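All values derive from a computational prediction rather than experimental measurement. First the proteins, then the strands, lettered A, B, ... as listed; each starts at 1. What's counted below: heavy atoms across the whole structure, side chains too, no hydrogens, waters or symmetry copies.
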Number of protein chains: 2
Amino acid sequence: MNGATTSGQLRAHNRVRLLRAVHDCGATRTRSQLTRDLGLARGTASVLVAGLAEDDLLHEEPAPEHARGRPTQVPGPHPRGPVALAVDVREDAWELAACELGGRVTVLGVQPHDGTPEGTLGPLGEAVAEQVRRLGHRAVGVGVALAGPISHGGRVDIAHLGWRAVDVPALLGEPGPPLFVGNDTALAALAEARRGRLRGVRVGVHLHVDFDLGGVLVLDGHAVAGASGTGAEFGHMAIGGGERRCPCGAVGCWGMDVGANALLRHVGLAYGGGRGREQAERVLATSEEAVNATARALGRGIAALVNAHDPEVVTLSGHGVELRERAGEALLAACEPGLMAIRRDHPPRIEGSALGWRGALLGAMESVFDAFLTTEGLELWRKNHPDQARDTPDRQSVTHSTLDGESAQ
Amino acid sequence: MNGATTSGQLRAHNRVRLLRAVHDCGATRTRSQLTRDLGLARGTASVLVAGLAEDDLLHEEPAPEHARGRPTQVPGPHPRGPVALAVDVREDAWELAACELGGRVTVLGVQPHDGTPEGTLGPLGEAVAEQVRRLGHRAVGVGVALAGPISHGGRVDIAHLGWRAVDVPALLGEPGPPLFVGNDTALAALAEARRGRLRGVRVGVHLHVDFDLGGVLVLDGHAVAGASGTGAEFGHMAIGGGERRCPCGAVGCWGMDVGANALLRHVGLAYGGGRGREQAERVLATSEEAVNATARALGRGIAALVNAHDPEVVTLSGHGVELRERAGEALLAACEPGLMAIRRDHPPRIEGSALGWRGALLGAMESVFDAFLTTEGLELWRKNHPDQARDTPDRQSVTHSTLDGESAQ
DNA sequence: GGCTTTTGTTCACGGCTAGAGCATAAACTG
DNA sequence: CAGTTTATGCTCTAGCCGTGAACAAAAGCC
């Protein structure tokens with residue numbers, strides 16, 4: 001991926017490393033800490049920070065606490081710096097947010113939709129376009145999380161909503177900045193890998209329980225995407241041995257026994273079509289038996305994945321957090337007999353996500369910054385940049401003030 | 001993984017890149033081609049090649065065919081260059097080979113064994129030690145392929161041979177150069193990724209059919225190892241829905257329906273214990289029905305893996321090559337109904353390995369060179385090096401002549 | 001108020017690659 | 001067969017980069 005070969009690329013490479021380090025730590029580490037972390041000389045760090053500040057990429061503020069010596073600074077997002085737009089499109093509503101370098105998220109709006117491709121992506125496209133106009137060159141990318149497999153061209157299938165090869169970029173109207181469409185499970189896994197329980201984990205498995213079940217392998221901070229971008233579908237493996245036909249077209253998929261649809265089916269309610277989130281939550285809250293049955297199905301499948309992939313940690317998001325809390329014992333009891341003997345000595349931890357339902361949105365942000373925090377991304381920023389810093393004295397950033405809203409993480 | 005930050009590391013990084021390119025192409029590309037491939041200036045390539053030749057890492061010979069201009073040279077392994085020792089330990093015999101940079105393999109011996117840890121690894125350790133003595137500093141590592149899951153400490157379990165947490169480094173007697181113990185499936189996959197049908201493939205799945213079934217995900221030329229090194233066990237997922245207990249300790253493992261043991265069981269013969277390779281081959285050759293049943297079980301599981309991981313290619317090694325040839329239609333017919341609808345438009349290719357039974361040995365070699373072809377590996381070589389090139393005039397390499405034997409690939 | 005500690009800044013130095021100019025060694029041309 | 005063409009190897013300079021040391025700055029400590 002990276003790896004400089006000329007001295008010019010070397011500088012670019014170190015700019016990326018520094019910016020990436022600032023982003024990954026959430027803009028909490030001081031300059032002297034970063035210098036040590038990256039193994040740089042103080043002089044080099046000085047030049048790098050100055051250059052990045054010049055390019056409106058970084059802004060230093062005094063560190064809040066002091067130790068003995070000369071006080072150090074904390075590099076963080078620049079007030080005129082890059083912004084990632086992130087969208088989480090759920091079955092019933094979408095959420096749009098603006099994200100600074102370092103990961104601060106400002107939710108710009110939540111809007112229900114009718115579930116049709118046009119009714120969903122049309123208004124979303126307008127909302128995104130408005131933000132892009134407002135932010136100008138500062139919008140460095142738009143990340144969209146969707147609850148279905150996504151081919152590299154941006155075509156999405158959401159079986160239970162009846163979406164079939166829906167062309168997301170076309171319906172969204174080509175926002176201008178690069179568009180990154182991703183599967184919600186893969187993006188939740190990405191967020192977990194960067195800011196959750198899979199941080200620093202070399203091999204992990206992330207499972208996202210929503211209406212159905214998604215899952216993906218996480219290696220060294222990256223979710224494994226698949227050749228055409230439609231990986232992250234662990235839920236569609238024939239584990240469990242049923243003969244029921246899955247809406248996906250296959251038979252006996254594991255995901256049919258785990259998730260909101262399975263909960264509804266278990267208690268005899270209507271299910272499918274992306275409806276029934278409230279009922280499912282009620283079942284989850286009331287029916288001990290349905291919860292345990294789901295947890296057992298989840299545990300059996302986890303055993304198969306643990307055998308196959310030997311992860312260090314298995315994380316659960318969406319309803320999985322509650323399943324882990326409420327029926328952890330049933331889950332582990334169902335998992336254990338499915339494990340190979342050699343896995344039983346040191347079984348992986350099975351943990352609820354630290355990010356809850358926020359993962360997909362945060363992952364959409366990370367996918368944008370993953371593309372931006374590269375030598376190419378930064379080169380493009382430099383090129384598109386109006387370069388106010390040198391010409392005009394210090395034009396107050398009109399745009400930034402409007403970014404203040406509900407703030408999280 | 002790599003990525004230089006100082007100009008000194010930059011040189012080291014480019015040395016690695018060049019050497020890696022030579023190795024990966026099998027020492028077939030000319031210097032001018034390599035220069036273009038790596039995006040180097042001609043002058044830089046000149047300096048790099050000279051330095052590597054000085055260190056006994058590379059040796060240039062005139063290119064056999066000429067085009068118009070000045071003839072170019074082909075960099076290849078140096079006569080006093082690094083050698084990787086590679087071992088494939090099968091259930092009934094082991095095979096030891098010496099491998100040059102570029103991948104030329106010289107088989108040094110094949111020896112049957114009794115299947116006990118001591119009876120197998122003891123003599124092997126002696127054979128390895130002898131080669132290490134003979135090669136001296138030229139032996140840069142020993143790679144060992146074994147038919148079982150292997151923890152990072154080098155402890156191996158081979159259920160059907162009764163090996164339980166066998167300490168391979170201890171029984172082998174610490175050969176001196178670094179020891180790399182790996183699972184045969186993972187190593188066969190690695191070889192396939194570097195010199196077989198998974199070359200250049202971003203996402204692939206490799207399945208190795210022997211007595212039982214191993215499988216692993218291959219990403220960008222690397223087999224995914226697992227947190228404790230014991231990944232590559234796709235065969236131990238509960239796909240297929242049986243309730244039979246697997247020797248691994250789990251229940252309903254896919255691998256119980258695929259492989260030599262399954263073939264033997266299918267026709268009512270005794271199976272297990274790593275015996276019966278000949279009988280299994282006879283069944284494979286004679287019983288159309290057993291072959292088809294195995295192919296169907298293989299196909300059903302492949303569908304699950306394709307759904308989950310979205311590979312570009314699925315490769316089969318070991319008996320899988322013959323299964324693909326003899327019962328390809330049964331395999332595909334069993335696979336198709338298990339695929340998600342969206343996978344059916346562009347299903348992955350399912351191909352027999354190009355390396356046959358040789359994969360594990362080649363993979364063991366690659367695992368050694370993967371460690372050697374790094375900045376650290378080359379630095380160590382430089383340090384351990386007697387530096388004959390400068391001191392003595394041109395000592396004839398006694399060691400090299402003894403390396404000539406049966407030669408392959 | 002002086003001392004200690006830590007960090008930021010500046011600058012000379014060595015190392016690296018790019019690129020240009022030249023040398024070289026073939027194949028092609030007539 | 002001699003001149004031309006073409007591609008490659010070699011050498012050297014220019015420009016860029018990070019290191020590390022010396023110095024300056026800004027705190028806490030006694």
Side-chain angles (χ1 to χ4, degrees), chain A residues 2-19 21-22 29-55 58-76 375 378-379 382, chain B residues 2-19 21-22 29-55 58-76 375 378-379 382:
Chain A
N2 50 14
T5 66
T6 82
S7 34
Q9 292 173 321
L10 216 167
R11 166 62 59 94
H13 183 235
N14 275 333
R15 282 166 62 98
V16 169
R17 285 210 311 153
L18 180 54
L19 227 46
V22 170
R29 297 186 74 76
T30 68
R31 174 154 142 197
S32 62
Q33 287 173 321
L34 289 166
T35 305
R36 276 191 296 271
D37 291 351
L38 301 181
L40 297 169
R42 286 209 300 274
T44 310
S46 214
V47 177
L48 285 173
V49 169
L52 292 169
E54 171 102 351
D55 291 348
L58 236 48
H59 174 74
E60 281 193 325
E61 293 207 4
E65 359 187 282
H66 304 283
R68 186 82 186 275
R70 174 172 173 171
T72 180
Q73 309 275 103
V74 177
T375 51
L378 294 188
E379 193 49 48
R382 229 168 173 173
Chain B
N2 48 15
T5 66
T6 81
S7 34
Q9 292 173 319
L10 217 167
R11 165 64 58 95
H13 184 235
N14 275 334
R15 282 167 60 97
V16 170
R17 285 211 310 152
L18 180 54
L19 226 47
V22 170
R29 298 186 74 76
T30 68
R31 173 153 142 197
S32 64
Q33 286 174 322
L34 290 165
T35 305
R36 277 191 296 270
D37 291 352
L38 301 180
L40 297 170
R42 286 209 302 271
T44 309
S46 216
V47 178
L48 286 173
V49 169
L52 291 169
E54 171 102 354
D55 291 348
L58 236 49
H59 173 74
E60 281 193 324
E61 293 206 4
E65 358 187 281
H66 302 283
R68 188 81 185 276
R70 174 173 174 172
T72 179
Q73 309 276 104
V74 178
T375 50
L378 295 188
E379 193 49 48
R382 233 170 169 170

Separation between CD of B:Glu60 and OG1 of B:Thr30, rounded to the nearest 0.5 Å: 9.5 Å

side-chain contact (heavy atoms from CB on, under 4.5 Å) between B:Val22 and B:Arg29, intermediate numbers included: CA-CA 7 Å; B:Val22 170; B:Arg29 298 186 74 76; over 6 Å; no

Out of D:dT19, D:dT8, C:dT9, whichever nucleotide has its closest atom nearest the side chain of B:Thr72: D:dT8

Sugar-phosphate only, base, or nothing, as touched by B:Thr5 at under 4.0 Å among non-hydrogen atoms: sugar-phosphate

side-chain N/O A:Arg11 vs D:dG18 OP1/OP2, d < 4.0 Å: yes

Protein-nucleotide distance (A:Asn14, atom CG; D:dT19, atom C1'), rounded to Å: 12 Å

B:Thr44 side-chain N/O to C:dA18 phosphate OP1/OP2 under 4.0 Å: yes

Atom pair distance, as rounded to whole Å: CD in A:Gln73 and P in C:dT7: 12 Å

Sugar-phosphate, base or nothing in reach of A:Arg42, heavy atoms under 4.0 Å: base

Length of the CG-P vector between A:Leu10 and C:dG14, whole Å: 19 Å

Whole-Å gap separating C1' (D:dG18) and CG (A:Leu38): 14 Å

Closest to the A:Arg68 side chain, choosing from C:dT24, C:dT6, C:dG8: C:dT6

Side-chain N,O (A:Ser46) to OP1/OP2 (C:dT9) below 4.0 Å: yes

Sugar-phosphate only, base, or nothing, as touched by B:Arg15 at under 4.0 Å among non-hydrogen atoms: nothing

Spacing of B:His13 atom NE2 relative to D:dG18 atom P, expressed in whole Å: 15 Å

side-chain contact (heavy atoms from CB on, under 4.5 Å) evaluation trace for A:Leu52 with A:Leu19: CA-CA 8 Å; A:Leu52 292 169; A:Leu19 227 46; 3.9 Å; yes

Any B:Ser32 side-chain nitrogen or oxygen under 4.0 Å from OP1 or OP2 of D:dA7: no

B:Ser7 vs D:dG18: side-chain N/O to OP1/OP2 distance below 4.0 Å: no

Sugar-phosphate only, base, or nothing, as touched by B:Ala45 at under 4.0 Å among non-hydrogen atoms: nothing

Along DNA chain D (nearest heavy atom to each residue), the more 5'-positioned of A:Gly39 and A:Pro71: A:Gly39

Rounded interatomic separation in angstrom, taking CG from B:Leu34 and P from D:dT8: 12 Å

Stepwise side-chain contact (heavy atoms from CB on, under 4.5 Å) check, B:Arg31 with B:Thr35: CA-CA 6 Å; B:Arg31 173 153 142 197; B:Thr35 305; 4.1 Å; yes

B:Arg70 vs D:dT5: side-chain N/O to OP1/OP2 distance below 4.0 Å: no

Distance, rounded to the nearest Å, where B:Leu48 contributes CG and D:dT8 contributes C1': 16 Å

Candidate pair B:Gln73 and B:Val49, rule side-chain contact (heavy atoms from CB on, under 4.5 Å), full reasoning: CA-CA 11 Å; B:Gln73 309 276 104; B:Val49 169; over 6 Å; no

Along DNA chain C (nearest heavy atom to each residue), the more 5'-positioned of B:Val47 and A:Thr30: A:Thr30

Distance in angstrom units between B:Leu40 CG and C:dC16 P, rounded: 14 Å

